[in-house]
Amino acid sequence: MRWSQNFIHTLRQDPSDAEVVSHRLMTRAGLISKVAAGIYNYLPLGWRSLQKLEVIVREEMERAGSAELVMPAVQPAELWQESGRWFEYGPELLRLKDRHERDFCVGPTHEEVITDIVRRAITSYRQLPVNLYQIQTKFRDEIRPRFGLMRGREFIMKDAYSFHADADDLDTAYRAMEAAYCRVFERCGLGYTKVEADTGNIGGSESHEFMVLADTGEDAILSCPACAYGANVEKAETGRVTPAPEWPRELPGSAEAVHTPEMRSVEQVAEFLEIDPAHLIKTLIFETDEEFVAVLIRGDLEVNEVKLKNELGCTHLQLASEAKIEEITGGPQGFSGPVGLDGVRIIADPTVMELAVAATGANREDTHLVGVVTGRDFEPSSVVDIKLAAAGDPCSTCGEPLIERRGIEVGHIFKLGTKYSTSMGCRFQDAGGKEEPMIMGCYGLGIGRTLAAAVEQNHDDKGIIWPLPLAPYEVVLVVLNADKSEIVEAAEGLYNELRSAGIDVLFDDRSERPGVKFNDMDLLGFPVRVVVGKRGLENSEVELSLRKDGEKHLTPISEMVGGVQAMLEDLRS
RNA sequence: CGGGGUGUAGCGCAGCCUGGUAGCGCACCUGCCUUGGGCGCAGGGGGUCGGAGGUUCAAAUCCUCUCGCCCCGACCA
């Protein structure tokens with residue numbers, strides 16, 4: 001392909017609305033352009049990279065035993081009503097009506113449609129398992145799209161679904177998908193890690209996320225440097241955290257109320273009472289779709305709202321407003337405590353129950369209770385781990401301190417169980433003639449997001465440094481002094497040689513000044529560069545170089561193709 | 001949805017406070033010149049200043065409303 005026949009428009013300046021590096025560089029390099037918030041065009045070069053990634057994904061899906069199909073973007077409401085998600089999904093689901101006023105939505109994911117396909121076709125355990133995937137455009141009306149392709153509203157995703165007669169068979173498919181994902185990210189040359197994850201509102205039992213490590217990642221992940229444990233912070237379990245220090249004073253016979261004027265935060269109260277923050281019971285009032293709950297956590301720790309949500313089995317959870325807190329506890333915000341708290345469920349983290357003696361809010365203005373004893377002064381409704389894991393906490397497996405890193409979620413695989421097959425009647429007859437719901441798995445991989453993650457991980461101050469498998473073109477041939485006909489002729493000859501050798505090459509045939517061309521090459525990040533110009537041609541030489549190190553190798557024209565092939569070979573190994 | 005910001009030529013921005021013929025850099029067009037890291041000179045085209053309403057002799061500028069976009073948060077496979 002020639003530059004002059006392509007549609008490549010680079011920007012000299014950073015776009016004003018791009019914050020993260022992948023968004024900035026992909027826009028500047030003319031790979032994508034914005035149409036509306038979270039909605040992008042994939043321009044020719046960007047689309048070419050995307051297609052290369054899709055080829056890799058298809059090959060690995062095939063290897064994992066999944067067959068490709070394509071489902072519609074626009075889906076009838078009936079299917080979503082059947083699964084119940086028409087009512088659960090919320091405003092993220094883009095809903096629309098056709099001319100007959102019938103309800104539809106733009107698919108944010110395809111469990112409903114795929115389940116409908118399979119239930120119509122499969123009736124017997126003899127026909128299972130089924131494993132299908134598609135690469136397709138999704139729409140999720142995110143509250144806050146941002147960072148270019150990293151969190152768009154419309155985005156391209158590979159989604160696969162598997163259907164099984166039993167849990168062991170699901171496990172086999174799950175492991176095959178897990179391996180396929182690893183191979184995809186390895187083939188793309190990305191540094192990634194696989195972590196345990198929460199299943200969110202998709203539902204299901206086991207779940208893993210694939211994270212490309214990058215400081216700009218939106219997810220925090222905790223991993224153990226000693227063993228293989230790694231998890232999204234939302235999901236992470238820890239071993240027993242350091243217990244609170246010894247209570248510094250004599251234990252009063254009963255809890256005593258202490259005047260603590262304007263002391264609302266844990267730090268203030270701990271300092272004022274001359275105790276450790278770990279001696280405090282922090283009491284948070286949460287509001288769900290149907291109830292209020294009081295949540296108790298040790299003063300030096302934080303609550304994991306995802307764990308709490310799972311415990312409560314609710315879809316919406318938020319901290320109660322100041323007015324509600326007063327209504328429920330009788331005291332203002334900052335002075336809540338479990339003692340004498342009636343009318344709401346009290347959920348305590350185990351770390352609270354370990355405290356022999358504690359201080360906490362008195363549910364009265366400017367007052368805390370000191371010398372509170374668990375079990376004597378209050379009794380929680382339930383004790384559940386709802387602690388947010390943090391860097392430095394001991395690994396749940398081996399006890400080593402966990403470290404925190406940031407990652408971009410590029411893949412997420414779930415064991416769904418029978419959530420959709422039950423609600424939508426996707427059943428089969430087992431060997432005994434009994435009808436059972438199929439057991440399902442689903443497996444997502446963000447195509448655009450993976451590409452953005454690759455840029456996030458492979459760039460310098462001049463531009464993108466494509467890993468070879470994702471580069472829009474593997475080689476760029478640049479002609480300098482393009483006003484001289486003998487030089488253009490030589491370059492044309494080299495272009496033909498490269499093409500005849502089957503090399504994936506872009507020919508920059510523009511008559512721009514050298515500086516412009518070099519800067520564009522650096523920005524676009526083609527792995528291998530061939531420069532033809534007056535200076536080299538005088539000695540029948542061209543210059544070969546790699547984007548990643550920029551080292552220039554003068555090569556006789558007759559050896560150009562061989563030299564390029566050697567460099568590509570080198571990059572592949 | 002709460003908080004903050006922003007909207008002026010394809011891109012990046014100034015002008016607004018203090019109302020008076022809409023500017024700069026890059027890009028683009030023409031000519032000359034130049035050609036191994038974003039050339040130089042000369043000439044030129046392009047904007048109902050996000051939209052609506054108001055104040056005024058006069059509004060990019062002041063006022064009201066509204067829409068888009070960005071950032072932080074909440075939220076989110």
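Residue numbering restarts at 1 for every chain, and letters A, B, ... go by the order of the sequence lines. The structure displayed is predicted, hence computed values, not measured ones.
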Output yes when A/Lys158 and A/Glu54 qualify as a salt bridge under the 4.0 Å nitrogen-oxygen rule, no when they do not. no
When rounded to the nearest Å, what value does the distance between C1' atoms of B/U6 and B/C16 take? 14 Å
Which nucleotide, if any, forms a Watson-Crick or G-U wobble pair with B/G73, using both distances under 3.5 Å? B/C1
Can a salt bridge be assigned to the pair A/Lys552 and A/Glu541 using a cut-off of 4.0 Å between side-chain N and carboxylate O? no
Any donor-acceptor pair under 3.5 Å between the side chain of A/Arg146 and the base of B/C71? no
Contact list for RNA chain B against residues 171-185 of chain A - heavy-atom distance below 4.0 Å: none
A/Arg58 side chain to A/Glu68 main-chain N or O, any donor-acceptor pair under 3.5 Å? no
Can you name the side chain to side chain contact (heavy atoms under 4.5 Å, CB included) partners of A/Ala197, sequence neighbours left out? A/Ser207, A/Glu209, A/His412
Would you call A/Asp141-A/Arg153 a salt bridge at under 4.0 Å N-O? yes
Judged by nearest nucleotide, the residue sitting upstream toward the 5' end of RNA chain B, A/Gly446 or A/Lys462, is A/Lys462
Taking the C1' atom in each of B/G40 and B/G10, what is the distance between them to the nearest angstrom? 24 Å
Distance only, no hydrogens: is a donor on one side chain within 3.5 Å (strictly under) of an acceptor on the other, for A/Asp159 and A/Gln134? yes
Under 3.5 Å side-chain donor-acceptor pair for A/Arg119 and A/Tyr420: no
My understanding is that a pair needs two contacts under 3.5 Å, Watson-Crick or G-U wobble. By that rule, which nucleotide pairs with B/G40? B/C32
A/Glu218 near the nucleic acid: base, sugar-phosphate alone, or nothing, with a heavy-atom cut-off under 4.0 Å? nothing
Would you indicate what A/Phe155 reaches in the nucleic acid, counting non-hydrogen atoms under 4.0 angstrom: base, sugar-phosphate, or nothing? base
Does A/Arg449 pair with A/Glu456 as a salt bridge, N-O distance under 4.0 Å? no
Donor-acceptor contact present, side-chain A/His110 to main-chain A/Ala160, <3.5 Å: no
Under-4.0 Å salt bridge between A/Lys548 and A/Asp460: no
Pairing check on B/G23: which nucleotide meets the Watson-Crick or G-U wobble criteria with it, both distances under 3.5 Å? B/C13
If you look at every strand shown and take non-hydrogen atoms under 4.0 Å, does A/Leu480 touch a base, only sugar-phosphate, or nothing? base
Check the distance between B/C76's P and A/Glu88's CD and give it to me in whole angstrom. 13 Å
Protein and nucleotides 1-9 of chain B: nitrogen or oxygen contacts under 3.5 angstrom:
none

Parallel, tilted or perpendicular: which describes the rings of A/His208 and A/Tyr174, with under 30° parallel and over 60° perpendicular? tilted
Side chain of A/Lys517, backbone of A/Val478: donor and acceptor closer than 3.5 Å? no
In the strands shown, is B/A58 matched to any nucleotide by a Watson-Crick or G-U wobble pair with both distances under 3.5 Å, and which? none
Under 4.0 Å from any atom of RNA chain B, heavy atoms only: list the residues of residues 524-539 of chain A that qualify, in numerical order. A/Arg529, A/Val531, A/Gly533, A/Arg535, A/Gly536
Indicate the atoms forming the closest heavy-atom contact of A/Leu222 with A/Ala389, along with that distance. CD1-CB, 3.4 Å
5′-ward residue of the pair A/Glu19/A/Arg151 relative to RNA chain B: A/Glu19
For a quick test of reading the model, state the closest non-hydrogen atom pair linking A/Val20 to A/Met150 and the distance between them. CG2-SD, 4.5 Å
Atom CG of A/Asp461 to atom C1' of B/G37: distance rounded to whole Å? 14 Å
If I pick the C1' atom on B/C28 and the same atom on B/G12, what distance separates them, to the nearest angstrom? 16 Å
Pick the C1' atom in B/C57 and in B/C17, then give their distance to the nearest Å. 23 Å
Reckon A/Arg28 touches a base, only the sugar-phosphate, or nothing at all at heavy-atom distances under 4.0 Å? base
Taken to the nearest whole Å, CZ/A/Arg24 to P/B/C71 is 13 Å
Atom P, compared across B/C13 and B/G7: separation rounded to whole Å: 9 Å
Distance check, C1' atoms only: B/U8 and B/G47, in whole angstrom units. 8 Å
What is the base-pairing partner of B/G7, counting Watson-Crick and G-U wobble geometry with both distances under 3.5 Å? B/C67
Could you tell me the separation between the CZ atom of A/Arg510 and the C1' atom of B/G38, rounded to a whole number of Å? 11 Å
Please report the distance separating the P of B/U35 from the corresponding atom of B/G25, rounded so that it comes out in whole Å. 26 Å
Measuring only the P atom in each nucleotide, how far is B/G38 from B/U21? A whole number of Å is fine. 40 Å
Could you check whether any side-chain N or O of A/Lys462 sits under 3.5 Å from a backbone N or O of A/Met521, counting only pairs where one atom can act as donor and the other as acceptor? no
Mind listing the N/O atom pairs, protein and nucleotides 12-16 of chain B, below 3.5 Å?
| from | atom 1 | to | atom 2 | distance (Å) |
| --- | --- | --- | --- | --- |
| B/G12 | OP1 | A/Ser16 | N | 3.1 |
| B/G12 | OP1 | A/Ser16 | OG | 3.1 |

Contact list (N/O, under 3.5 angstrom) for nucleotides 28-34 of chain B vs protein:
| from | atom 1 | to | atom 2 | distance (Å) |
| --- | --- | --- | --- | --- |
| B/U34 | O2 | A/Arg513 | NH1 | 2.5 |

Can you tell me how far P of B/C69 sits from NZ of A/Lys34, to the nearest Å? 7 Å
Is the CG atom of A/Asp483 crowded by more than 12 outside heavy atoms at less than 6.0 Å? yes
Using only side-chain N and O atoms of A/Lys309, determine if any of them is under 4.0 Å from OP1 or OP2 of B/C75. no
Lys/Arg-Asp/Glu bridge criterion (N-O < 4.0 Å) met for A/Arg24, A/Asp14: yes
How long is the line joining CG of A/Leu523 and C1' of B/C11, in whole Å? 14 Å
Consider salt bridge (charged side-chain N to carboxylate O under 4.0 Å, His left out). Of A/Arg510, A/Arg513, A/Arg28, which one does A/Asp520 pass it with? A/Arg510
How long is the line joining CG of A/Asp508 and P of B/G38, in whole Å? 15 Å
Measure from CG on A/Asn481 to P on B/C39 and round the result to the nearest Å. 14 Å
Which of B/C69, B/G38, B/G37 is nearest the side chain of A/Arg12? It is B/G38
Taking all non-hydrogen atoms of both residues into account, name the closest pair between A/Met211 and A/Gly407 and its distance. SD-C, 3.9 Å
